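As the structure is a prediction and not an experimental result, all values here were calculated from the model. Indexing begins at 1, ligand by ligand and atom by atom, following the structure's order.
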Amino acid sequence: MTEANEPIVKYKRVLLKISGEALMGDQGYGLHPPTVERIAREVKSVRDLGVEICMVIGGGNIFRGLAGSAQGMERTTADYMGMLATVMNALAMQGALESMGVFTRVISAIPMDQVCEPYIRRRAVRHLEKKRVCIFAAGTGNPYFTTDTAATLRANEMSCEAIFKGTKVDGVYDMDPKKHAHAKRYDTVSYDEVLQKNLGVMDASAIALARDNNLPIIVFSLDEPGGFRGILAGQGTYTRVQG
Ligand code: UDP
């Protein structure tokens with residue numbers, strides 16, 4: 001693409017949140033390398049525009065604390081297992097990005113020095129300034145939270161202008177569009193409406209943290225090729241959750 005028709009992107013620094021399930025393709029479990037690579041390419045195309053990128057990837061394709069505790073496991077232990085699952089996903093994404101020549105750092109809320117960097121805010125900011133993609137792993141480092149809350153926390157700490165939540169659908173609907181043909185997509189929706197109507201964008205603590213810090217959440221489909229780059233340029237369909 002020549003400079004003349006480069007999309008105009010008004011964002012300088014953003015956070016991309018994806019669920020662990022986004023990496024499993026149609027397998028139903030674990031990591032699907034071609035899918036990881038496809039998403040890495042989306043990230044690279046945005047990085048190539050000069051946008052500074054933070055990423056938070058969930059762990060639901062490998063392990064969820066709630067599922068473990070439902071099977072009789074102690075909840076906190078199960079949650080730590082979930083957090084470790086996010087580190088595996090982060091390493092997979094790092095591998096895919098680096099194989100494309102994108103410099104990255106995996107930064108974990110739980111120190112594991114042989115594997116990745118510990119979370120030090122100022123250091124992470126410096127990585128972003130040097131255009132390294134920062135993949136924040138191990139959630140918040142605390143049980144009873146989710147990676148949605150981790151995404152909102154890190155986006156605030158890194159002074160991101162918005163969270164981009166890549167999902168299987170192209171925005172927030174008033175009911176499940178896969179079950180109801182007449183479901184209506186919101187162009188914009190307030191944090192309070194998301195909470196009151198339980199619209200399922202992110203969990204309540206993540207939405208509240210975004211609301212209290214006026215951090216917009218843009219929900220878009222990651223299934224569209226070029227979708228992330230297009231959405232950053234304001235193209236395509238998406239929902240903006242804002243105040
Ligand atoms: N988790 C946690 N604290 C955090 C983030 C995650 O305990 O700050 C655990 C929790 O058990 C969760 C699992 O990690 O179920 C995987 O994260 P999440 O469910 O958010 O992944 P996603 O649904 O986005 O794939």
In the protein, what heavy atom is nearest to [atom], and what distance, to one decimal place, separates them?
{"atom": "atom 23 (O) of ligand 1", "answer": "Arg64 NH2, 2.8 Å"}
{"atom": "atom 14 (O) of ligand 1", "answer": "Gly82 C, 3.1 Å"}
{"atom": "atom 16 (C) of ligand 1", "answer": "Gly59 N, 3.7 Å"}
{"atom": "atom 18 (P) of ligand 1", "answer": "Thr147 OG1, 3.5 Å"}
{"atom": "atom 6 (C) of ligand 1", "answer": "Phe145 O, 3.6 Å"}
{"atom": "atom 15 (O) of ligand 1", "answer": "Gly65 N, 3.2 Å"}
{"atom": "atom 10 (C) of ligand 1", "answer": "Asp79 OD1, 3.3 Å"}

Checking one residue: Ile62. Which other hydrophobic residues are in its cluster under the side-chain 4.5 Å linking rule? Tyr29, Phe63, Met73, Met81, Met88
So if I count the atoms of ligand 1 from 1 in the order they appear, which ones are less than 4.0 Å from some heavy atom of [X]?
{"X": "Gly60", "value": "21 (O), 22 (P), 25 (O)"}
{"X": "Ser19", "value": "24 (O), 25 (O)"}
{"X": "Gly58", "value": "21 (O), 22 (P), 24 (O), 25 (O)"}
{"X": "Gly139", "value": "4 (C), 5 (C), 8 (O)"}

I'd like the name of whichever of Thr146, Thr140, Asn142 reaches closest to atom 3 (N) of ligand 1 through any heavy atom.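 Heavy atom nearest to atom 3 (N) of ligand 1 belongs to Asn142.
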Heavy-atom gap Ala85 to ligand 1 smaller than 4.0 Å: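 For ligand 1, residue contact (heavy atoms, under 4.0 Å) with Ala85 is absent.
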Contact between ligand 1 and Lys17 is defined here as a heavy atom of the residue under 4.0 Å from a ligand atom; is it met?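 Checking ligand 1 against Lys17, which is what was asked, there is a heavy-atom contact under 4.0 Å.
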Run the side chain to side chain donor-acceptor pair (under 3.5 Å) test on Ser221 and Asp223 for me, step by step, so that the C-alpha distance in whole Å, both residues' side-chain angles and the decisive distance to 0.1 Å come before the verdict. CA-CA 5 Å; Ser221 167; Asp223 289 348; 4.6 Å; no
Donor-acceptor contact present, side-chain [X] to main-chain [Y], <3.5 Å:
{"X": "Arg13", "Y": "Met158", "answer": "yes"}
{"X": "Asp174", "Y": "Lys184", "answer": "yes"}
{"X": "Thr86", "Y": "Ile57", "answer": "no"}

With a 4.0 Å cut-off, would you call Glu42 and Arg229 a salt bridge?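 Between Arg229 and Glu42 there is no salt bridge, as every charged N stays at least 4.0 Å from the carboxylate O atoms.
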Less than 4.0 angstrom from a charged side-chain N to a carboxylate O is my criterion; do Arg105 and Glu117 meet it?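 A salt bridge is present here (some side-chain N lies under 4.0 Å from a carboxylate O).
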Non-neighbouring partners of Tyr11 that pass ring pair (Phe, Tyr, Trp, His ring centres under 6.0 Å), sequence neighbours left out: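 Tyr11 satisfies ring pair (Phe, Tyr, Trp, His ring centres under 6.0 Å) with Phe164 once adjacent residues are dropped.
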Within-4.5 Å side-chain heavy-atom neighbours: Tyr173 and His180: no
Is any side-chain heavy atom of Phe136 less than 4.5 Å from a side-chain heavy atom of Leu153? no
Can you tell which part of Ala150 has a heavy atom less than 4.0 Å from ligand 1: side chain, backbone, both or neither? neither
